[in-house]
Amino acid sequence: MWLRADKKAFDGFLDAASVYWRKNLGSTSSQRYLVVEVFHQDIRVALRNLAVANAIRRIVPAQLVVVTGVEQMWHDALWTEFDVQLVRRLAEAYGASEVIDLYRLVDGPARSATPSEVRLELFGRPLRPGPAISEQTLAEFVSATYCRVTKRPRPPEDPTADPRYQRRQALARAISSAYDALLGDESVVALVTSHVDYDHWGLAVDSARRAGVPVVHTQQTGCLKAYALFPETDTGKHTFRGELTQQIGAFFAERVWSRREEVRRNAELVAWRSKVNLGRPSWWRGGASASVDINNSAERARLRTHFAARLGFDPARPMVAVFNHAVSDAPGTNHQSFPTLADWFEETARFASTATQVQWLFQDHPSQFRYDSTGFFESVAARYARHRHMVFQPSKDLSKNGLWSLVDLGVTVRGSVSNELPAYGIPVIQAGWSEWSECGLSTVVHDPETYWKALDSAIGALGSGEELISAEQVERARLWLWFYRSGTDLFTPQVPQWEVWPADHLLKSVQVAFRHIESDADPLFEAVERMWNRREPVLTRTDLHRPGGQR
């Protein structure tokens with residue numbers, strides 16, 4: 001864990017946390033246990049996981065087992081600092097009975113010439129692993145993790161030629177074996193995790209799903225947001241994110257769309273706030289506080305002329321914006337129309353080179369430097385430099401005002417533009433699933449053939465001046481903004497807004513909550529209990545059941 005905080009501030013926070021949880025949880029003789037990971041270096045991520053884990057422990061008495069650790073390739077790719085001892089102190093303040101350094105545990109078996117099961121003991125007894133992972137699933141995690149830690153769009157054509165791939169493969173096998181033991185035991189209550197992809201996160205989720213263990217996935221935005229997948233509702237047909245896509249779509253239809261009349265006013269307020277980017281995500285816009293202050297079509301037309309001239313476009317011709325995703329960001333994490341994110345982007349650029357009826361703006365992801373070491377975006381841009389109807393640029397080179405005034409159609413895989421653009425009347429085609437893609441906001445395609453047909457149809461409609469988005473899609477998108485930014489964003493003093501920083505400020509805020517705010521006034525416990533007992537896929541700020549209605 002990375003923590004640049006005053007030592008006295010951290011010590012005071014730990015003391016307050018220790019007393020608070022000792023009083024609110026007490027001791028338990030139960031041999032049941034809940035597993036929570038702390039692999040992210042940001043303490044804000046750890047606080048979210050630990051708060052949810054302890055809220056569940058108030059419902060189901062259980063020991064707390066924290067899994068942590070860092071490995072060199074992950075350290076080189078992502079972390080600036082990671083201190084396992086700081087994690088251990090934090091975990092113990094939250095009542096952890098065991099803190100497991102995963103990479104220390106699996107390093108020996110991973111380096112062994114003959115792969116063997118990782119042996120694990122907990123509370124004085126050996127744990128017996130459940131069924132092993134399939135070779136195909138293991139290979140998918142290895143490839144995704146390799147891409148992420150090497151910052152490459154695709155795995156190597158010959159995996160045996162790259163020792164980094166072999167290292168990831170050996171580690172993944174050992175990590176999966178360790179998780180099968182830790183999560184395959186019948187005493188496990190739940191897994192709480194901040195991520196569901198790659199080896200040290202995703203393999204835990206895979207082991208938990210195979211063992212029938214509930215998985216709670218916290219989010220890094222707002223105050224406290226979390227999704228949950230329970231074994232009773234897990235069809236096993238999709239990835240973790242794919243299962244959630246289906247369940248969130250059904251939840252949205254039943255609990256939000258059906259109540260649109262009473263929610264509409266709040267949805268409009270959130271849509272207005274979203275224009276000035278008060279909250280994450282909205283990484284694709286230009287500037288940390290860029291706002292959209294276009295109020296009518298006349299203002300949009302004036303800005304369109306200005307920004308079109310800057311890009312060398314004709315303001316009278318339709319413009320399609322393609323939003324490149326972070327190319328190594330969990331490929332295959334959900335359903336995608338193309339084998340990789342890189343394939344989708346390259347094929348779309350090739351299509352655009354011959355689709356001269358419209359103008360094309362290709363926007364790179366603003367955090368691409370964290371995900372690509374190969375110059376992928378620049379290499380694609382260079383191939384089409386002579387095409388005057390195609391412009392490639394970093395997303396931060398264009399403000400939100402510029403983007404809103406230019407774009408007639410957005411194209412993406414699973415980025416947040418596919419829920420924000422429709423909220424302001426701009427249609428979007430998605431070449432893959434996202435958590436909101438079953439909510440009726442955009443045009444979602446499932447395979448390349450359907451994708452090309454959707455693009456052809458949309459380009460033809462733009463040329464003839466047809467509307468590509470319905471009033472219902474706009475309303476659904478605005479309701480989603482409310483649902484994501486408000487309805488599922490739980491305000492609890494234990495987890496301040498993500499933007500509460502630096503670390504000293506964050507720790508002081510939570511310390512004050514632990515010392516001065518009574519637990520019966522904290523909505524965390526009621527909200528988690530509601531999600532847990534009803535087996536709902538998402539944590540909600542309020543009870544979205546209709547009074548007297550059916551579940």
Side-chain angles (χ1 to χ4, degrees), residues 219 221-222 225 227 238 241-261 263-275 277 279-285 292 320-323 325 333-337 344 363 400 403-404 407-446 450-451 454-455 457-458 461-462 466-489 537-538 540 544:
Q219 307 289 297
T221 183
K225 292 176 61 65
Y227 297 120
H238 308 290
R241 293 187 189 274
E243 294 287 336
L244 277 184
T245 292
Q246 307 297 307
Q247 293 186 29
I248 289 171
F251 191 92
F252 181 85
E254 180 184 351
R255 308 286 173 80
V256 181
W257 179 247
S258 65
R259 305 177 69 163
R260 56 191 177 277
E261 296 296 334
V263 176
R264 183 174 290 128
R265 179 178 178 275
N266 288 342
E268 291 298 313
L269 175 62
V270 173
W272 175 83
R273 287 168 59 83
S274 178
K275 287 172 66 175
N277 194 46
R280 298 170 63 198
S282 280
W283 293 341
W284 48 268
R285 80 285 173 272
V292 176
V320 180
V322 180
F323 297 89
H325 202 70
T333 187
N334 210 331
H335 178 83
Q336 297 168 184
S337 300
W344 162 74
Q363 297 260 93
K400 246 185 173 180
L403 194 67
W404 251 255
V407 179
D408 299 304
L409 171 68
V411 181
T412 184
V413 176
R414 60 177 188 256
S416 59
V417 288
S418 57
N419 68 59
E420 294 206 8
L421 288 180
Y424 304 103
I426 301 172
V428 168
I429 294 175
Q430 277 187 254
W433 292 4
S434 59
E435 63 204 70
W436 53 83
S437 59
E438 286 292 304
C439 298
L441 327 180
S442 59
T443 299
V444 182
V445 295
H446 302 278
T450 310
Y451 177 65
L455 273 179
S457 176
L462 287 173
E466 298 176 34
E467 285 288 339
L468 286 175
I469 189 168
S470 67
E472 179 177 315
Q473 283 180 300
V474 173
E475 181 163 22
R476 283 178 175 271
R478 293 191 166 207
L479 286 168
W480 172 263
L481 287 183
W482 170 83
F483 184 60
Y484 185 84
R485 293 175 179 266
S486 181
T488 60
D489 189 13
V538 61
T540 58
L544 294 179

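We count residues from 1, following the sequence as given.
In this structure, the separation between CG on Leu403 and CD1 on Ile426 is 6.5 Å, given to the nearest 0.5 Å. The structure places OG of Ser434 at 7.5 Å from CG of Leu441, a figure rounded to the nearest 0.5 Å.
The shortest heavy-atom contact between Gly410 and Phe323 is CA-CE1, 4.2 Å. A pairwise comparison of heavy atoms in Arg255 and Arg259 identifies O-CD, 3.1 Å as the closest pair. Summarising the geometry of Asn419 relative to Ala477, their closest heavy-atom pair is O-CB, 3.8 Å, with the distance given to 0.1 Å. Closest of all the heavy-atom pairs between Pro537 and Leu244 is O-CD2, 4.0 Å. Of all heavy-atom pairs between Leu468 and Ala461, the closest is CD2-CB, 3.4 Å. Heavy-atom minimum distance, Tyr451 versus Trp344: OH-NE1, 2.9 Å.
Judged purely by atom type and a 3.5 angstrom limit, Arg260 uses its side chain to pair as donor or acceptor with the backbone of Trp257. A donor-acceptor contact shorter than 3.5 Å links the side chain of Tyr424 to the backbone of Ala271. Without hydrogens or angle criteria, Thr450 side chain to Val445 main chain gives no donor-acceptor distance under 3.5 Å.
By the side-chain hydrogen bond (donor to acceptor under 3.5 Å, both in side chains) test, Thr443 pairs with no residue at all, sequence neighbours left out. In this structure Ile469 satisfies the side-chain contact (heavy atoms from CB on, under 4.5 Å) test together with Pro422, Pro427, Glu467, Gln473, Val474, sequence neighbours excluded. Taking the side-chain hydrogen bond (donor to acceptor under 3.5 Å, both in side chains) definition, one finds that His238 meets it with nothing, sequence neighbours left out.
Between Glu420 and Lys400 there is a side-chain heavy-atom pair separated by less than 4.5 Å. With a 4.5 Å cut-off on side-chain heavy atoms, Arg478 and Arg264 do not count as touching. Residues Glu438 and Ile248 have side chains not in contact (no heavy-atom distance under 4.5 Å, counting atoms from C-beta outward). Under the 4.5 Å side-chain criterion, counting only non-hydrogen atoms from C-beta, Val263 is not in contact with Phe483. Under the 4.5 Å side-chain criterion, counting only non-hydrogen atoms from C-beta, Tyr484 is in contact with Lys225. No side-chain heavy atom of Phe251 sits under 4.5 Å from any side-chain heavy atom of Thr488.
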Q: Check the pair Gln430, Ser442 against side-chain hydrogen bond (donor to acceptor under 3.5 Å, both in side chains), reporting the backbone distance first and the verdict last.
A: CA-CA 7 Å; Gln430 277 187 254; Ser442 59; 2.7 Å; yes

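Partner Val428 forms a side-chain contact (heavy atoms from CB on, under 4.5 Å) with one of Val417, Thr412, Leu409 and no other, that one being Thr412. Tyr227 pairs in a side chain to side chain donor-acceptor pair (under 3.5 Å) with only one of the listed residues (Arg241, Gln219, Gln247, Glu435), which is Glu435.
A donor-acceptor contact under 3.5 angstrom links the side chains of Trp436 and Ser418, judged on distance only. Of the N and O atoms on the side chains of Thr245 and Asn334, at least one donor lies less than 3.5 Å from an acceptor on the other residue.
In summary, Arg476 and Glu472 engage in a salt bridge, as defined by a charged side-chain N under 4.0 Å from a carboxylate O.
Ring pair His446/Trp433 is perpendicular by interplanar angle, where above 60° counts as perpendicular and below 30° as parallel.
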